[in-house]
S.K.: 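Have a look at this one before I ask anything.
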Amino acid sequence: MRRKAPLERPAPLGEPHGGSRLRALDALRIIAALMVALYHYGGRDGDVSRAWGASPRHEFPTLSGAFAYGCLGVEIFFVISGFVICMSGWGRPLRSFFASRAARLYPAYWAAIVLVTVAFALPWVAYKTVSFSDALVNLTMLQQPVGAQRVLGVCWTLWAELRFYALFALFVVLPGATRHRVVLFCAVWTLATVVTTASHVEFLRVVVMPEYSSYFIGGIGLYLLHRFGHDLLHWGIVAVSFLVGQHYAVAGLWHPPSPHYFSYRSPYVIVAVLALGYAAVAAVALGRFCWANWRWLTVAGALTYPFYLVHEHLGWVVIGALHRSLGIPSYATLGLTVALMLGLAWLLHRCVEQRLTPVLRRSLDAGGTARGSSDGRR
């Protein structure tokens, strides 16, 4: 039998490529979530202006321009997701991978759908709830492709995540993850990204999602660095993904200075923020944050997803109550709203995720576990 090349061996646990530093990845998750929250509360116009009673530009005249860059937390999330999904899918059967992803995403999501729907249905809340039929469709996480109204504004990112999971499961998890297969997946997806953009075929755009694919690919490349160490091919995947990804970020967020827009984002700052996000995940992948091994970071990372789900719409309700009804100053309202949403995220994590996620995972993976035990693979 042909011996595996050294690059096919993962670094042993306990060495710089071990798992302890992944708590630093939890820190990056919560930072990215807070960036998005600042964007939703003070870096854009729209419904949040009704909560403040004025444009956030007037509430935060010196910081609203900086808050506007917080939307790039989504791109950083996608890079982290590429890293984490490649890590969690490596060596895992397809059914187990599906069970882990569904159990991770749906319990807190269902709870957030119910909370926001009920809150927006209250007579004293100024925001309009979706129809009963659309609310039911939202429980599937497939509301965007079927054309239903969204309960959660942030759920468009979950639709992107679902498509990434499907592609990774089909082309990597199902045949079995290897370094060669993952590299080929990244190369083909990158080529498909640019071809899709050039061809303007709607079906390809939905499947390949060229606006976001580069960030997932970059995260996968960073995981290859984490698992197998420095290699020019791995760095090439990361570099190409960043160069292509910054183009889509600038194209989507930059516009010439105009009074018709809420804020003006510099293309140089957009690229710099994205580069910092890549660099931070790369530092984690290469073990530069091994010292950041505090347990509270794991808790912070666990709160990120439920916080991300509830912070926008329920944050509007809280802002209106604190600022307009109670007269609390803008910056104090901002801090209190973030703190209250983190508190709600903690409740969702403790009362929903910790109870339902293990049950859902075991139920979905039960058949695969039983078969694995019977044939000696488990």
Side-chain angles (χ1 to χ4, degrees), residues 7 25 28-29 31-32 35-36 39 68-87 156-157 160-161 163-164 167-168 171-172 179-201 204-256 264-286 288-289:
L7 282 175
L25 203 62
L28 295 183
R29 283 193 183 105
I31 290 171
M35 288 173 60
V36 175
Y39 166 67
Y69 292 98
C71 59
L72 286 161
V74 171
E75 282 77 4
I76 297 172
F77 266 132
F78 287 161
V79 175
I80 295 171
S81 182
F83 184 102
V84 170
I85 295 307
C86 192
M87 177 173 62
W156 68 269
T157 63
E161 292 276 355
R163 286 177 283 172
F164 167 47
L167 290 172
F168 193 80
F171 295 108
V172 177
R179 175 179 174 271
H180 174 77
R181 186 167 287 126
V182 170
V183 168
L184 182 61
F185 173 73
C186 293
V188 172
W189 198 7
T190 300
L191 180 61
T193 293
V194 297
V195 169
T196 298
T197 301
S199 64
H200 305 289
V201 177
L204 288 178
R205 189 194 65 78
V206 173
V207 174
V208 177
M209 46 179 179
E211 305 95 329
Y212 318 121
S213 58
S214 297
Y215 313 120
F216 294 119
I217 293 167
I220 294 172
L222 290 168
Y223 178 71
L224 292 176
L225 285 167
H226 165 73
R227 186 178 181 93
F228 299 113
H230 289 284
D231 183 90
L232 185 60
L233 186 58
H234 305 158
W235 280 115
I237 292 172
V238 175
V240 171
S241 79
F242 171 75
L243 294 173
V244 175
Q246 63 80 30
H247 163 76
Y248 286 104
V250 172
L253 297 175
W254 182 82
H255 57 77
Y264 170 73
R265 301 183 186 94
S266 163
Y268 302 105
V269 178
I270 293 171
V271 174
V273 172
L274 190 61
L276 284 174
Y278 267 77
V281 181
V284 174
L286 297 174
R288 299 297 185 263
F289 290 123

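Just so you know, these numbers come straight off a predicted model, no measurement behind them. In what follows, residues are counted from 1 in the order of the sequence shown.
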S.K.: List the steps, then state whether side chain to side chain donor-acceptor pair (under 3.5 Å) holds for S241 with Y278.
M.R.: CA-CA 10 Å; S241 79; Y278 267 77; 3.2 Å; yes

S.K.: Could you list the residues that satisfy side-chain hydrogen bond (donor to acceptor under 3.5 Å, both in side chains) with Y39, not counting sequence neighbours?
M.R.: none

S.K.: Scan side-chain atoms only and decide if H234 and R179 contain a donor-acceptor pair under the 3.5 Å cut-off.
M.R.: yes

S.K.: Heavy atoms only: give me the nearest W254-R265 pair and the separation to one decimal.
M.R.: CD1-O, 3.0 Å

S.K.: Run L286 and H230 through side-chain contact (heavy atoms from CB on, under 4.5 Å) and show every step you take.
M.R.: CA-CA 9 Å; L286 297 174; H230 289 284; 4.0 Å; yes

S.K.: Would you check, one step at a time, whether the test side-chain contact (heavy atoms from CB on, under 4.5 Å) holds for V208 with L167?
M.R.: CA-CA 9 Å; V208 177; L167 290 172; over 6 Å; no

S.K.: Just how far is it from atom CE of M209 to atom OH of Y248, taken to the nearest 0.5 Å?
M.R.: 12.5 Å

S.K.: Roughly how far, to the nearest 0.5 Å, is OH of Y215 from CG of L274?
M.R.: 5.5 Å

S.K.: From I85 CD1 over to I80 CD1, what is the distance, rounded to the nearest 0.5 angstrom?
M.R.: 12.0 Å

S.K.: Sort out for me which residue in V240, V244, V79, I237 forms a side chain to side chain contact (heavy atoms under 4.5 Å, CB included) with I217.
M.R.: I237

S.K.: Looking at every non-hydrogen atom in both residues, tell me the closest pair between A32 and G73 and how far apart they are.
M.R.: CB-O, 3.7 Å

S.K.: To the nearest 0.5 Å, what is the distance between NE2 on H247 and CZ on F242?
M.R.: 13.5 Å

S.K.: Can you tell if the side chain of D231 reaches within under 4.5 Å of the side chain of L224, non-hydrogen atoms only?
M.R.: no

S.K.: Exactly one of V250, L276, L243 should register a side chain to side chain contact (heavy atoms under 4.5 Å, CB included) with V271. Which one does?
M.R.: V250

S.K.: Of all residues at least two apart in sequence or in a different chain, which pass the side-chain contact (heavy atoms from CB on, under 4.5 Å) check with V172?
M.R.: F168, A177, V182, F185

S.K.: Mind checking whether F77 and V36 have side chains closer than 4.5 Å, heavy atoms only?
M.R.: yes

S.K.: Evaluate side-chain contact (heavy atoms from CB on, under 4.5 Å) for T157 paired with F78, printing each intermediate quantity in order.
M.R.: CA-CA 9 Å; T157 63; F78 287 161; 4.1 Å; yes

S.K.: At what distance, to the nearest 0.5 angstrom, does CZ of F216 lie from SG of C86?
M.R.: 13.0 Å

S.K.: For the side chain of R163 and the backbone of V206, is there at least one donor-acceptor N/O pair under 3.5 Å apart?
M.R.: yes

S.K.: To the nearest 0.5 Å, tell me how far R227 CZ sits from I220 CD1.
M.R.: 13.5 Å

S.K.: Is the side chain of T190 donor-acceptor paired with the backbone N or O of C186 at a distance under 3.5 Å, no angle test?
M.R.: yes

S.K.: Do the non-hydrogen side-chain atoms of L28 and F289 ever get within less than 4.5 Å of each other?
M.R.: no

S.K.: For V269, what residues pass the side-chain contact (heavy atoms from CB on, under 4.5 Å) criterion, not counting sequence neighbours?
M.R.: Y69, S266, V273

S.K.: Looking at T197 and T193, would you say the former's side chain and the latter's main chain have a donor-acceptor pair under 3.5 Å?
M.R.: yes

